[in-house]
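Here, residue 1 is the first one in the sequence, and each next residue gets the next number.
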Amino acid sequence: MATQPFFKLAQILVDHSTYVKPGDRVAIETTTNAVELVSHIYELVLQRGGHPHILLNLPDQDQVFFKFANPDQLAYTPTFQQLVTDQFEVYIRVRADIDPRCLSDVPAEKQSQRQKGMAPVRNRMLQRGADNSLRWVLTQFPTEGYAKEAGMSLPEYTQFLLAACHADENTPNPVAHWEFIRLQQSRMIESIEGHELIKLQGPNVDLSLSVKGRKFNNSFGRHNLPDGEIYTGPVEGSANGWVKFTYPAIYQGRVVEGVELEFKNGRVVSARAKVGEDLLKAMIDSDEGSHYLGEFAIGTNFEIDRFTRNILFDEKLGGTFHLALGAGYPETGSKNTSVIHWDMICDLRHDSEMLVDGSAIYRNGKFI
């Protein structure tokens with residue numbers, strides 16, 4: 001794999017996503033698999049005057065943890081991650097898993113316990129991200145495991161990833177390109193933000209919800225890379241109707257297929273799945289907030305043109321929307337809190353439309 005494309009990816013992360021400044025304390029969390037990218041990030045942080053700190057995990061660290069951790073250890077909040085989210089200015093996390101399904105055999109109860117342990121880190125990150133005191137971003141380095149999940153060879157997957165991030169040879173100035181994406185998505189937000197009633201209709205959905213008084217975030221490479229979505233926290237008691245999610249919902253490596261949810265006054269009143277229904281119901285029962293929606297989002301990245309079994313990519317898939325059960329983003333106005341945040345994706349590219357206060361603004365995967 002050529003070095004230059006990963007330099008462009010590092011450039012986006014340092015100069016666009018987190019815009020590192022002199023004196024910033026920068027945590028870079030990853031595994032030993034992502035050395036080629038992380039070395040560029042480390043160099044650029046130093047060149048921008050920041051103080052880089054690498055949090056390095058072993059490739060099989062999660063498997064070992066869940067195999068041997070006792071209940072107290074499962075519920076323990078990691079010290080260094082807590083320190084970073086409490087005190088640092090920048091947090092860059094690079095996923096680089098060898099086997100994305102390595103946790104698929106871990107019991108749902110153990111995963112739920114671990115989520116409770118990680119909740120202080122996640123919630124603090126969201127809180128400080130909302131007021132911009134912590135500039136955080138999540139990205140991914142290509143591995144054989146991700147490529148296999150997506151049904152591609154590693155070289156093919158690498159090119160797919162770089163194109164989705166606009167860090168390939170076709171993007172001479174990747175930082176400027178993401179600014180262009182921001183302007184495009186701003187116009188989309190103007191057509192939907194703050195309205196009383198959003199209605200989604202199609203073969204897989206008949207759902208209404210309200211975003212009145214809520215703010216849509218323009219997701220253009222600041223917190224995720226790849227990116228390309230607009231999202232908000234729906235009014236907590238407003239969701240009514242049903243949705244059948246087109247693609248499998250994946251949680252900590254476990255696959256849940258054929259998820260169907262029914263909402264009444266914002267709350268999940270029925271949850272079914274063809275595969276993994278035990279995990280689905282266990283996660284919904286994590287706490288009261290996990291019964292409600294924390295996010296409603298529309299994917300806009302048409303470079304992501306296929307389902308890859310990876311939510312970092314799949315939730316951005318052009319022509320889809322997704323809902324997240326659990327914790328919302330405070331900066332959107334969401335009041336929902338939970339130990340989980342679980343995204344589930346539904347296709348709108350065929351015989352589907354979105355109405356805002358009775359007027360169609362979106363049809364068959366695109367804004368009108």
Side-chain angles (χ1 to χ4, degrees), residues 9-30 38 41-57 76-95 115-140 175 178-179 181-182 185-186 189 193 213-233 289 294-295 297 312 315 324 326-341 343:
L9 189 56
Q11 189 178 30
I12 299 170
L13 294 167
V14 173
D15 291 336
H16 172 73
S17 301
T18 60
Y19 46 99
V20 173
K21 299 178 290 189
D24 282 343
R25 291 165 293 179
V26 181
I28 308 162
E29 184 178 4
T30 189
V38 172
I41 298 172
Y42 188 84
E43 291 170 10
L44 284 172
V45 170
L46 288 172
Q47 290 173 22
R48 304 302 181 258
H51 303 294
H53 298 69
I54 296 180
L55 303 178
L56 195 62
N57 297 318
Y76 180 77
T77 302
T79 302
F80 292 116
Q81 282 88 342
Q82 184 75 75
L83 176 68
V84 167
T85 53
D86 278 343
Q87 298 185 20
F88 275 40
E89 287 76 37
V90 174
Y91 184 15
I92 300 172
R93 185 176 168 216
V94 181
R95 288 180 181 165
Q115 286 303 306
K116 291 176 182 177
M118 292 301 296
V121 171
R122 183 178 57 252
N123 292 340
R124 186 65 173 144
M125 186 176 75
L126 294 178
Q127 289 165 4
R128 292 192 63 218
D131 64 21
N132 211 35
S133 61
L134 175 66
R135 305 187 301 278
W136 62 268
V137 64
L138 171 66
T139 192
Q140 185 169 296
V175 173
W178 281 108
E179 177 60 20
I181 297 295
R182 182 187 71 81
Q185 294 183 168
S186 293
I189 289 173
E193 186 173 64
R214 299 299 165 91
K215 179 182 181 296
F216 265 84
N217 275 1
N218 187 340
S219 198
F220 58 101
R222 283 286 161 86
H223 291 313
N224 283 180
L225 202 67
D227 214 341
E229 64 170 319
I230 60 173
Y231 66 94
T232 192
E295 182 185 6
L312 183 61
E315 68 176 0
Y329 296 97
E331 65 268 32
T332 67
S334 175
K335 299 176 177 63
N336 205 44
T337 58
S338 174
V339 299
I340 74 165
H341 178 95
D343 295 296

Exercise. Considering the options Leu83, Thr85, Val84, which one meets the side-chain contact (heavy atoms from CB on, under 4.5 Å) requirement together with Gln87?
Worked result: Leu83
Problem set entry | Rounded distance [0.5 Å steps], CG in Asn57 versus OG1 in Thr30 | 7.5 Å
Problem set entry | Rounded distance [0.5 Å steps], CD1 in Ile340 versus CE in Met118 | 15.5 Å
Exercise. Residues two or more places apart in sequence or in another chain: which of them pass side chain to side chain contact (heavy atoms under 4.5 Å, CB included) with Arg182?
Worked result: Glu179, Ser186, Asn218, Phe220
Exercise. Given side chains that start at C-beta, do those of Asp343 and Glu295 come closer than 4.5 Å, heavy atoms only?
Worked result: yes
Exercise. Which residues pass the side chain to side chain donor-acceptor pair (under 3.5 Å) test with Arg222, sequence neighbours left out?
Worked result: none
Exercise. Looking at Glu331 and Tyr231, what are the two nearest heavy atoms and their distance?
Worked result: OE2-OH, 4.1 Å
Problem set entry | With Glu29, the side chain to side chain donor-acceptor pair (under 3.5 Å) member among Arg95, Gln81, Arg93 | Gln81
Exercise. Do Lys21 and Arg135 come close enough that some side-chain heavy atom pair is under 4.5 Å?
Worked result: yes
Seminar exercise, completed: Rounded to the nearest 0.5 angstrom, the CG-CG distance for Leu13 and Leu138 is 10.0 Å
Problem set entry | Test item: Ile181 and Trp178 side chains (from C-beta on) under 4.5 Å apart, heavy atoms | yes
Exercise. Considering only heavy atoms from C-beta outward, does the side chain of Asp131 approach that of Arg128 to under 4.5 Å?
Worked result: yes
Exercise. So, do Glu193 and Thr232 sit near enough that their side-chain heavy atoms are less than 4.5 Å apart?
Worked result: no
Exercise. Measuring from Leu134:CG to Tyr91:OH, what's the distance to the nearest 0.5 Å?
Worked result: 9.0 Å
For this session: Mind listing the closest non-hydrogen atom pair of Ser338 and Gly289 along with its distance?
Result: CB-C, 3.8 Å
Exercise. Distance from Ile92 atom CD1 to Thr18 atom OG1, nearest 0.5 Å?
Worked result: 4.0 Å
Problem set entry | Lys/Arg N to Asp/Glu carboxylate O, Arg48 vs Asp24, below 4.0 Å | no
For this session: Indicate the ring-plane relationship of His341 and Tyr329, choosing parallel, tilted or perpendicular according to the 30° and 60° boundaries.
Result: perpendicular
For this session: Please report the shortest heavy-atom distance between Pro78 and Gly117, naming the atom on each side.
Result: CD-O, 4.4 Å
Problem set entry | Asp227 and Ser219: side chain donor to acceptor below 3.5 Å | yes
Problem set entry | Considering all heavy atoms, the nearest Gly129-Trp136 contact | CA-NE1, 4.0 Å
Problem set entry | Heavy-atom check, side chain of Val339 versus side chain of Arg122, under 4.5 Å | yes
Exercise. Which heavy-atom pair separates Gln140 from Leu9 by the least distance, and what is that distance?
Worked result: O-CD2, 4.3 Å
Exercise. Heavy-atom count around Tyr19 OH within 6.0 Å, excluding the residue itself: above 12?
Worked result: yes
Exercise. Does the ring center of His53 lie less than 6.0 Å from the ring center of Phe88?
Worked result: yes
Exercise. Roughly how far, to the nearest 0.5 Å, is the CD1 atom of Ile41 from the CD atom of Gln11?
Worked result: 12.0 Å
Exercise. What is the minimum heavy-atom distance between Leu225 and Val137, and which atoms define it?
Worked result: N-CG2, 4.4 Å
